[in-house]
Amino acid sequence: MPETDVRELVATRVHRPTAVAEAAARRRRPASLLAEHGRLMMIAADHPARGALRAGSRPLAMADRADLLARLRTALDRPGVNGILGTADVLEDLLLLGALDGKVVVGSMNRGGLAGTVFEIDDRFTAYDAPTIAAAGFEGGKMLVRIDPADPATVVTLEGAGRAVSELAGRRLMAMVEPFISHRIDGHVRNELTAEAMTRAMTVAAGLGTTSAYTWLKVPIVEDMERAMAATTLPTLILGGEVSQDQDAVFARWAKALELPTVQGLVIGRSLLYPPGDDVAAAVDAAVGLL
């Protein structure tokens with residue numbers, strides 16, 4: 001992104017912070033959660049707020065905000081991309097840049113479980129809440145729910161997520177829940193990516209809140225995906241995960257998952273924003289082609 005755009009963003013934040021709310025009020029909202037291809041195709045950009053900046057072999061790839069914004073604008077401009085997931089700082093930059101018209105905007109809600117910390121499982125709600133998402137005119141909120149059977153802090157996240165699902169549903173807004181069964185191994189939190197673990201995680205996530213009417217799930221690809229996805233009738237989105245050097249294999253797994261009846265689209269971040277070869281437009285177009 002040109003330095004002039006960065007300077008303009010900073011100047012606006014310094015001299016006219018009300019411009020953020022004004023841009024949100026002007027934003028043209030989408031007519032539907034689904035694009036013309038009948039699916040939801042979202043770009044995820046809420047990683048930095050959890051201190052997760054790595055993309056592939058680049059440990060600080062997402063730390064360059066101007067570069068990240070440039071990649072996001074490229075992705076959002078591609079045909080078939082109709083949504084964005086992010087925290088307030090990222091979404092407000094994009095609002096000020098006029099990049100969110102007609103897009104499904106989902107605010108990330110719990111970013112308290114910082115990557116690599118001893119309190120990572122205690123994923124408290126430190127970002128958006130339902131009232132601010134509604135006030136901004138966004139379409140929903142997303143929450144990460146990692147369930148560690150050995151960590152009592154899990155219940156804090158579950159309680160917060162249940163409350164958030166209810167508060168979003170009360171405003172008829174999407175509650176996007178990303179569940180995992182997780183374990184701390186050698187001091188690091190690792191997600192258990194098996195059909196059995198995802199089945200258990202999804203059934204817990206589906207029962208959060210006072211209603212599931214507005215709940216969508218966001219899940220990774222696992223082996224025996226058909227068996228895992230048989231656990232729910234909730235609309236589900238496939239997440240991208242880590243950057244892979246074998247993009248063809250990744251796309252093949254996404255395509256197979258998209259054949260399942262509950263899978264309604266993709267929410268992809270680093271895999272498309274920092275692809276092998278660094279051609280964001282080509283990577284995004286290939287993913288949209290799967291839809």
Side-chain angles (χ1 to χ4, degrees), residues 1-10 12-13 19-20 22-48 55-56 58 61-108 136-140 142 174 176 218 237-240 243 247 250-251 254-255 258 264-291:
M1 188 170 75
E3 184 179 323
T4 52
D5 285 355
V6 175
R7 289 184 179 278
E8 186 174 341
L9 277 176
V10 174
T12 299
R13 287 183 173 277
V20 171
E22 293 165 5
R26 286 195 308 270
R27 181 180 74 96
R28 177 171 51 83
R29 296 189 63 176
S32 168
L33 293 177
L34 307 179
E36 294 81 1
H37 44 58
R39 304 291 183 102
L40 177 54
M41 176 66 199
M42 301 192 76
I43 303 299
D46 61 342
H47 310 77
R58 292 173 276 190
M62 302 189 81
D64 186 328
R65 182 51 55 90
D67 178 63
L68 173 60
L69 291 173
R71 292 169 184 269
L72 287 169
R73 291 171 80 181
T74 296
L76 288 168
D77 281 344
R78 302 310 300 169
V81 175
N82 68 311
I84 176 78
L85 161 65
T87 46
D89 55 329
V90 175
L91 294 183
E92 289 169 358
D93 278 345
L94 292 170
L95 275 172
L96 292 172
L97 292 167
L100 299 185
D101 276 348
K103 304 299 182 184
V104 174
V105 181
V106 173
S108 192
F138 295 159
E139 281 65 49
K142 173 258 183 179
M174 173 200 285
M176 184 187 294
K218 176 176 180 271
L237 302 166
I238 299 301
L239 63 89
V243 176
Q247 288 286 80
V250 171
F251 286 179
W254 292 348
L258 285 163
Q264 299 299 305
L266 303 171
V267 184
I268 313 296
R270 293 167 292 184
S271 296
L272 298 184
L273 294 173
Y274 301 89
D278 236 18
D279 190 337
V280 175
V284 171
D285 290 348
V288 171
L290 302 176
L291 304 177

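Heavy-atom basis, side chains included; hydrogens, waters and symmetry copies ignored.
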Heavy-atom side-chain proximity of L9 to L69 below 4.5 angstrom: yes
Minimum-distance pair of heavy atoms, taken over all atoms of K218 and V267: CE-CG1, 3.4 Å
Spatial distance of atom CG (L40) from atom CE (M176) [nearest 0.5 Å]: 6.0 Å
side-chain contact (heavy atoms from CB on, under 4.5 Å) evaluation trace for D278 with R71: CA-CA 10 Å; D278 236 18; R71 292 169 184 269; 3.0 Å; yes
Least distance between heavy atoms, A99 atom then L76 atom: O-CD1, 4.0 Å
Pairwise side-chain contact, K142 with D46, heavy-atom cut-off 4.5 Å (strictly under): yes
Minimum side-chain heavy-atom gap R73-D5 below 4.5 Å: yes
Closest contact, heavy atoms only, H37 versus G80: NE2-O, 2.8 Å
Over all atoms of both residues, closest heavy-atom pair of T87 and S108: CG2-CB, 3.9 Å
Check: L272 and V280 side chains under 4.5 Å, non-hydrogen atoms: no
K103 side-chain N/O to M42 backbone N/O, donor-acceptor pair under 3.5 Å: no
For the student: nearest non-hydrogen atoms of I268 and S271, plus distance: CG2-CB, 3.7 Å
Set of residues satisfying side chain to side chain donor-acceptor pair (under 3.5 Å) with respect to E139, sequence neighbours excluded: R27, R29
Heavy-atom check, side chain of L94 versus side chain of V105, under 4.5 Å: no
E8 CD: over 12 foreign heavy atoms closer than 6.0 Å: no
Side-chain touch P48/R65, heavy atoms, less than 4.5 angstrom: yes
N82 versus L34, closest heavy-atom pair with distance: ND2-C, 3.6 Å
Whether D101 side chain and R28 backbone form a donor-acceptor pair below 3.5 Å: yes
Derivation and outcome, side-chain contact (heavy atoms from CB on, under 4.5 Å), residues I43 and R78: CA-CA 11 Å; I43 303 299; R78 302 310 300 169; over 6 Å; no
Under the side-chain contact (heavy atoms from CB on, under 4.5 Å) test, residues paired with A24 that sit two or more places apart: L95
L258 and L291, any side-chain heavy atoms less than 4.5 Å apart: yes
Non-hydrogen side-chain atoms of H47 and L68 separated by less than 4.5 Å: no
Those residues that, when tested against A88, pass side-chain contact (heavy atoms from CB on, under 4.5 Å) (two or more places apart): E92, Y128
Distance in Å, L290 CG paired with I238 CD1, rounded so as to fall on 0.5 Å steps: 11.5 Å
